[in-house]
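By convention in this document, chain letters (A, B, ...) are assigned in the order of the sequence lines, proteins followed by strands, and residues within each chain are numbered from 1.
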Amino acid sequence: MNTTGTVRVRFAPSPTGALHLGGVRTALFNWLFARHYNGKFILRIEDTDQTRSTDESIKVILDGMKWLGLDWDEGPFRQTERMEIYRAHVDKLLKEGKAYHCYCTPEELDARRKEAMAAGRPPKYDRKCRTLKAPVEGRTPAVRFLSSDEGQTIVRDLIRGAVTFENQQLDDLIIQRSDGLPTYNFAVVVDDVTMNITHVIRGDDHLNNTPRQIQLYSALGYEPPKFAHLPMILGPDKTKLSKRHGATAITEYIDLGYLPEALVNYLARLGWSSGDQEIFSPKELIEKFTLENVGKAPSVFNQEKCVWLNHHYIQQADPGRLAELVLELLKKDGVVKQGAEPDLEWFKKLVKILIERSHTLVEMKTAALPFLADEIQLDEKAKAKHLTPDVALLLIELAGKLKSTEPFTHTEIEKVFNGLVAEKGIKLGKIAQPVRVALTGGTVSPGIYDVIEVMGKDKTIKRVEAAAAGIK
RNA sequence: GGUCCCAUCGUCUAGCGGCCUAGGACGCUGGCCUCUCACGCCGGAGACACGGGUUCGAUUCCCGUUGGGACCA
C-alpha cells in the first residue's frame, strides 16, 4: 500500500444519540490504521443536523472514546463551526457552473417522484431546474450539483476492489438545502479535503454515496482520498445492528460490567483477523492491523464470545483496579454509601477470590454482596437441601473450633475442616456445603476456606451459629 | 422497485489451486479435576449455499442461480 506521506484518517460521528457498536468499530479501525502507520487520527463531529444534534450526545461520544482508549490527535472539530467553508465551496461550484439553483419544493419533488414511480420510471430528480433561466420569485433555492450522466465512476476501494457505478444512475444531488445548510454528502467531501484526509475508512452503508462524492472531489478540483468500506455489524437476525437487538450503546456495556480492553479486542476481531489469534493487546493490534486482513462479509455480533473475552481480561486485570471498578458499581447501586467504604485492602482480597468465576464486573458485584451485608437471606431451596437436622451439631462444633483458630487464614481454616472431617468420618461436602449456605445464603461461591477467611471470624461464627439455630 | 455489496461449522474466522480426511475460537456436548460453581485439562458433534464452466486438480478463479444485507426512496 502506498503510505508515503502521513496517513490522516478520521472518525466522524453524528451526535444524535448514543455511541454504538458499529460506530465504535469504525472508530477503532481508523484508530488502529492511524497508529499502525504512524499517522494522525482526527475526530470530527458531524452536527449539521441541528435539530437532532445535542451537546449531551457529543459528551457521550467523547467519553466513550476515552473509555476505550481511542485517543485522537486533532479535533474534535464541529461542522457547525465550519459553515463558511461549505458556503465558499458551494459558491465556487455555482460560479463555475458546476452547480445550480433548484427551486423545487419538497412537495413538488415528492409528487413528481410518485408520478415517475407510477409510470414505471426510476424515481430520480428530473432536473427541471437545470435549464432554468431566472430565479423563481418568492422562493429560496437549494443548490444542486450538476453531475455528469455519461460514463462511469469507479470506486477503487481498498477492501472491495473496483466498484463501478453508471453515472446515469446518479442524481443531481442537493449540496445545500434551501435553509443554507450543506447536505451530508457535500459537507463530508469538503471536510475530508480541507482536513487533508488520506484514507476514508467508514461503514459499508456509505459505499453507495461514494461515486457522488468522487464526482464532487473532481468538480472541486481535488484528488479524492483512498476509500475503504468496512462490512457492517449485524444483530443475531442478520440485519443492521440496532436498538432492538438489545445492548448496542457503548455505555450499556460499561454498565453491564465490561472492560474496555475486552470490547476493543472483540470488536477488532469482528471483520478482521490475524491467523488463528484471538487475544490481542492494543499494542499487538496496532502492530498487526492492516486493511488487507479486513473481510468483506458482514458479521454478527456475538454476546457470548464478547463475554468470554471479558472473562479473560478480568483474569488478567490488576485486582486493585477491579476493586475500584466494582466499588463504583456498588456505590451506584447504593449498597455502599459514600464515606462508608469498606477497607480497600480487605475489599481487594475479596475481589481476588471472586475473579476466577466472574465474567463481568456486575457478576463480581453480585457475588460480593453477602460479604458486605450485615444480614443475609438464605435461599430456601439451598436451606432445605443442606441445612438438615443432622448437620446442626456439626455446625455448632465447627463454630466452636473456629473460635480458637489463630491466625484466621485459609491454611488454618482448612486444618480445622480436615480435622473435623477425619474425626467424624464424613465427606468434606457434608460440612462445606452447609457452611457455604450459612455464609453466603446460596450454594455457589468461591472455595469455602477463602470465603471464611475473607468473611472474618466474627461474621463467620455468627452466621454458622445462626444457621444451626435455624435448623428444626 | 432501482443501484451496490456479500456468501466456509449456530456465531467469529483461517484458507489467497494441490499441504484440506477443511484448521482455530466462542457456544453446545461427553469425561477428568473437585467443598459448590467456575477455572483448567482431555475428547465429541458441527461448515465450504447450489449449478455450470476453467484446470491434470477446485473451498480457493470465471459465469449464472439462490439466499442475505446496505443504500436510494
Calculate the interatomic distance between A/Q277 atom CD and B/rG24 atom P; express it in whole Å. 16 Å

Walking RNA chain B from its 5' end, the first of A/D276 and A/R160 to be reached, judged by nearest nucleotide, is A/R160

Between B/rG2 atom P and A/D171 atom CG, what is the distance in whole Å? 17 Å

List the residues meeting ring-ring contact (aromatic ring centres under 6.0 Å, His included) with A/Y266, not counting sequence neighbours, and say none if there are none. A/F301

Can you measure A/L291 atom CG to B/rC16 atom P for me and round it to whole angstrom units? 20 Å

Within this structure, what is the OH-to-C1' distance between A/Y266 and B/rC12, rounded to whole angstrom? 6 Å

If we call it a pair only when both distances are under 3.5 Å in a Watson-Crick or G-U wobble match, what pairs with B/rC41? B/rG31

Paired to B/rA14 by Watson-Crick or G-U wobble criteria (both distances under 3.5 Å) is none

Not counting sequence neighbours, which residues clear ring-ring contact (aromatic ring centres under 6.0 Å, His included) with A/F289? List them please. A/F29, A/W272

A/R202 CZ - B/rC5 C1' separation (whole Å): 15 Å

Check the side chains of A/E284 and A/Q277 for a donor-acceptor pair under 3.5 angstrom, ignoring hydrogens and angles. yes

Reckon A/S299 has a side-chain N or O less than 4.0 Å from the OP1 or OP2 of B/rU11? no

Is there a Watson-Crick or G-U wobble partner for B/rC48 with both distances under 3.5 Å, and if so, which one is it? none

Can you tell me how far P in B/rC61 sits from the matching atom in B/rA14, rounded to whole Å? 13 Å

Roughly how many Å is it from CD1 in A/I279 to C1' in B/rU13, rounded to a whole number? 14 Å

Using the C1' atom as the reference point in each nucleotide, state the distance between B/rC16 and B/rU60 in Å, no decimals. 7 Å

Separation of B/rC16 atom C1' from A/K296 atom NZ, nearest Å, is 11 Å

Please determine whether any donor N or O and acceptor N or O are separated by less than 3.5 Å between the side chain of A/E278 and the base of B/rG24. yes

Taking ring-ring contact (aromatic ring centres under 6.0 Å, His included) as the test, write out the residues that go with A/F145, two or more places apart. none

Using the C1' atom on both, measure B/rC28 against B/rC12 and round to a whole Å. 16 Å

Under a 3.5 Å limit for both distances, which nucleotide forms a Watson-Crick or G-U wobble pair with B/rU66, could you say? B/rA7

Measure up the A/Y103 and A/H101 rings against each other and bin them: parallel (under 30°), tilted (30 to 60°), perpendicular (over 60°). tilted

Using the P atom on both, measure B/rU55 against B/rC50 and round to a whole Å. 23 Å

Within residues 354-380 of chain A or reaching into it, pairs that qualify as salt bridge (charged side-chain N to carboxylate O under 4.0 Å, His left out) - sequence neighbours excluded: A/D333-A/K365

What closest approach, in Å, do A/L21 and A/L267 show between heavy atoms, and which atom pair accounts for it? CD2-CD2, 4.2 Å

Quick one: which residue pairs count as a ring-ring contact (aromatic ring centres under 6.0 Å, His included) with a foot in residues 355-409 of chain A, not counting sequence neighbours? A/H311-A/H359

Within residues 267-274 of chain A, find the residues that approach RNA chain B with a heavy atom at under 4.0 Å, and present them sorted by residue number. A/R269, A/L270, A/G271, A/S273

Polar contact flag, side-chain donor to acceptor under 3.5 angstrom, A/Y100-A/D172: yes

Any pair with a residue in residues 18-33 of chain A that passes side chain to side chain donor-acceptor pair (under 3.5 Å), sequence neighbours left out, goes on the list, sorted by first then second residue, please. A/W31-A/D71

Short heteroatom pairs, N/O only, protein and nucleotides 32-43 of chain B, under 3.5 Å:
{"residue": "B/rC35", "atom": "O2", "partner": "A/R436", "partner atom": "NH1", "Å": "3.2"}
{"residue": "B/rC35", "atom": "O2", "partner": "A/R436", "partner atom": "NH2", "Å": "2.7"}
{"residue": "B/rC35", "atom": "N3", "partner": "A/I448", "partner atom": "N", "Å": "3.2"}
{"residue": "B/rU36", "atom": "O4'", "partner": "A/Q433", "partner atom": "OE1", "Å": "3.1"}
{"residue": "B/rU36", "atom": "O4'", "partner": "A/Q433", "partner atom": "NE2", "Å": "3.4"}
{"residue": "B/rU36", "atom": "O2'", "partner": "A/T443", "partner atom": "O", "Å": "2.9"}
{"residue": "B/rU36", "atom": "N1", "partner": "A/R436", "partner atom": "NH1", "Å": "3.3"}
{"residue": "B/rU36", "atom": "O2", "partner": "A/R436", "partner atom": "NE", "Å": "3.4"}
{"residue": "B/rU36", "atom": "O2", "partner": "A/T443", "partner atom": "O", "Å": "3.2"}
{"residue": "B/rU36", "atom": "O2", "partner": "A/S445", "partner atom": "N", "Å": "2.9"}
{"residue": "B/rU36", "atom": "O2", "partner": "A/S445", "partner atom": "O", "Å": "3.2"}
{"residue": "B/rU36", "atom": "N3", "partner": "A/R436", "partner atom": "NH2", "Å": "3.2"}
{"residue": "B/rU36", "atom": "N3", "partner": "A/S445", "partner atom": "O", "Å": "2.6"}
{"residue": "B/rU36", "atom": "O4", "partner": "A/G447", "partner atom": "N", "Å": "3.4"}
{"residue": "B/rC37", "atom": "O2", "partner": "A/R357", "partner atom": "NH1", "Å": "2.7"}
{"residue": "B/rC37", "atom": "N3", "partner": "A/R357", "partner atom": "NH1", "Å": "2.3"}
{"residue": "B/rA38", "atom": "N1", "partner": "A/E356", "partner atom": "OE1", "Å": "3.2"}
{"residue": "B/rA38", "atom": "N3", "partner": "A/E356", "partner atom": "OE1", "Å": "3.2"}

Each nucleotide in nucleotides 63-71 of chain B should get exactly one letter: B, S or -. Can you fill that in based on protein heavy atoms under 4.0 Å? ------SBB

Donor-acceptor pairs are to be reported for all side-chain atoms of residues 444-452 of chain A against protein atoms at under 3.5 Å, with residues two or more places apart or in another chain.
{"residue": "A/S445", "atom": "OG", "partner": "A/R436", "partner atom": "NE", "Å": "2.8"}
{"residue": "A/D450", "atom": "OD1", "partner": "A/H410", "partner atom": "ND1", "Å": "2.8"}

B/rU21 versus B/rU59 - spacing of their C1' atoms, nearest Å: 14 Å

Rounded to whole Å, the CZ-P distance (A/F301 to B/rC26) equals 16 Å

Considering only atom P, compute the distance from B/rU54 to B/rU13 and round it to an integer number of Å. 34 Å

My understanding is that a pair needs two contacts under 3.5 Å, Watson-Crick or G-U wobble. By that rule, which nucleotide pairs with B/rC61? B/rG53

Remember a base hit wins even if backbone is also touched, and classify A/F417 as base, sugar-phosphate or nothing at under 4.0 Å, heavy atoms. nothing

Of residues 15-26 of chain A, the positions that come close to RNA chain B - non-hydrogen atoms, cut-off under 4.0 Å: none

Please set out all donor-acceptor pairs under 3.5 angstrom arising from side-chain atoms of residues 185-192 of chain A, sequence neighbours excluded.
{"residue": "A/N185", "atom": "OD1", "partner": "A/Q213", "partner atom": "NE2", "Å": "2.8"}
{"residue": "A/D191", "atom": "OD1", "partner": "A/R82", "partner atom": "NE", "Å": "2.7"}
{"residue": "A/D191", "atom": "OD1", "partner": "A/R82", "partner atom": "NH2", "Å": "2.9"}
{"residue": "A/D191", "atom": "OD1", "partner": "A/Y86", "partner atom": "OH", "Å": "2.8"}
{"residue": "A/D191", "atom": "OD2", "partner": "A/R44", "partner atom": "NE", "Å": "3.4"}
{"residue": "A/D191", "atom": "OD2", "partner": "A/Q79", "partner atom": "NE2", "Å": "2.7"}
{"residue": "A/D191", "atom": "OD2", "partner": "A/Y86", "partner atom": "OH", "Å": "2.9"}
{"residue": "A/D192", "atom": "OD1", "partner": "A/R10", "partner atom": "NE", "Å": "3.0"}
{"residue": "A/D192", "atom": "OD1", "partner": "A/R44", "partner atom": "NH1", "Å": "2.9"}
{"residue": "A/D192", "atom": "OD1", "partner": "A/R44", "partner atom": "NH2", "Å": "3.1"}
{"residue": "A/D192", "atom": "OD2", "partner": "A/R10", "partner atom": "NH2", "Å": "2.9"}

